[in-house]
Amino acid sequence: MKVLIAVVLACCAPLVLAQAVDSAPADLLERAESAYAGAMEISERDRAAGREAFVGVAAAYRALIDAGGNNAAVQRNLGNAYLASGELGEAVVAYRRAHRLDPHDGRIADALAAARERVRSSVAPGVRTRAEDALLWWRGVVPRAWLAGLGLVG
């Protein structure tokens, strides 16, 4: 009898454990979505406080992803939270992950493009680059076929 009970428990334990694991991401998703709604309300009243609230929202979505609740929609929402908190680089990364998971979602592509437009970076050419450009001015002028022909002749 004890063996039968042990066998039944051994067979049912994975099912109970799987159900507990599946419910954890659902609870985390509900918490993240309610935190997002709260952050939106705070942001409407006070932008600075809203940015701080969205930092917490991003943490909630990260916890959801770490618990196994990773999909394109969650990554998009994580990107939205990062964007609203001012973390542009993290937003672009989350949107790229979402785009990789669902490349056909136009909302993700639009959000990724908008986040990339907000990133401002410029690299001024150094002295060496200007010197190289001056010496190699002909690179864009002389066709590659000519250069290949000169290489074969020489």
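What's counted below: heavy atoms across the whole structure, side chains too, no hydrogens, waters or symmetry copies.
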### N/O donor-acceptor pair under 3.5 Å between S43 side chain and A39 backbone
no
### Message
Testing the basics here: between V57 and A32, what is the closest heavy-atom pair and its distance to 0.1 Å?
### Response
CG1-O, 4.3 Å
### Query
Between CD of E41 and CD of E44, what distance do you get to the nearest 0.5 Å?
7.0 Å
### Message
Hydrophobic clustering (ILVMFWY, side-chain heavy atoms < 4.5 Å, transitive) - are L78 and V55 grouped together?
### Response
no
### Message
Please give me the minimum heavy-atom distance between L28 and A67, naming the atom from each residue.
### Response
CD1-CB, 3.5 Å
### Message
Give me the atom names and distance for the closest heavy-atom approach of I108 to Y95.
### Response
CG2-O, 3.6 Å
### Summary
Distance col, row R100:CZ vs Q75:CD, nearest 0.5 angstrom, shows 9.0 Å
### Task
Measure the CD-CZ distance between E52 and R47 for me, rounded to the nearest 0.5 Å.
13.5 Å
### Query
Would a hydrophobic clustering, with Ile, Leu, Val, Met, Phe, Trp and Tyr connected at side-chain separations under 4.5 Å, put L64 with L101?
no
### Query
Quick one: does H104's side chain get under 4.5 Å of H99's, heavy atoms only?
no
### Shortest non-hydrogen contact from A72 toward D102
CB-CB, 3.6 Å
### Message
Which residues pass the side-chain contact (heavy atoms from CB on, under 4.5 Å) test with V119, not counting sequence neighbours?
### Response
L88, V92
### ring-ring contact (aromatic ring centres under 6.0 Å, His included) partners of Y82, counting only residues at least two apart
none
### Query
Tell me the ring pair (Phe, Tyr, Trp, His ring centres under 6.0 Å) pairs involving residues 48-71, sequence neighbours left out?
Y36-F54
### Query
Hey, mind stepping through R96 and R116 against side-chain contact (heavy atoms from CB on, under 4.5 Å) and telling me if it holds?
CA-CA 10 Å; R96 287 193 62 198; R116 284 180 170 163; 3.4 Å; yes
### Query
Mind checking what makes side-chain contact (heavy atoms from CB on, under 4.5 Å) contact with I42, not counting sequence neighbours?
R45, A49, A53
### Message
Measuring only between side-chain heavy atoms, which start at C-beta, is R118 closer than 4.5 Å to L83?
### Response
yes
## Note on the structure
Taken in chain and number order and not counting sequence neighbours, the residues that satisfy salt bridge (Lys or Arg N to Asp or Glu O under 4.0 Å) with R107 are D105
### Message
I'd like to know whether CZ of R62 has more than 12 heavy-atom contacts from other residues, nucleotides or ligands below 6.0 angstrom.
### Response
yes
### Task
Name all residues meeting the side-chain contact (heavy atoms from CB on, under 4.5 Å) criterion together with D110; count only those two or more places apart in sequence or in a different chain, and write none if there are none.
none
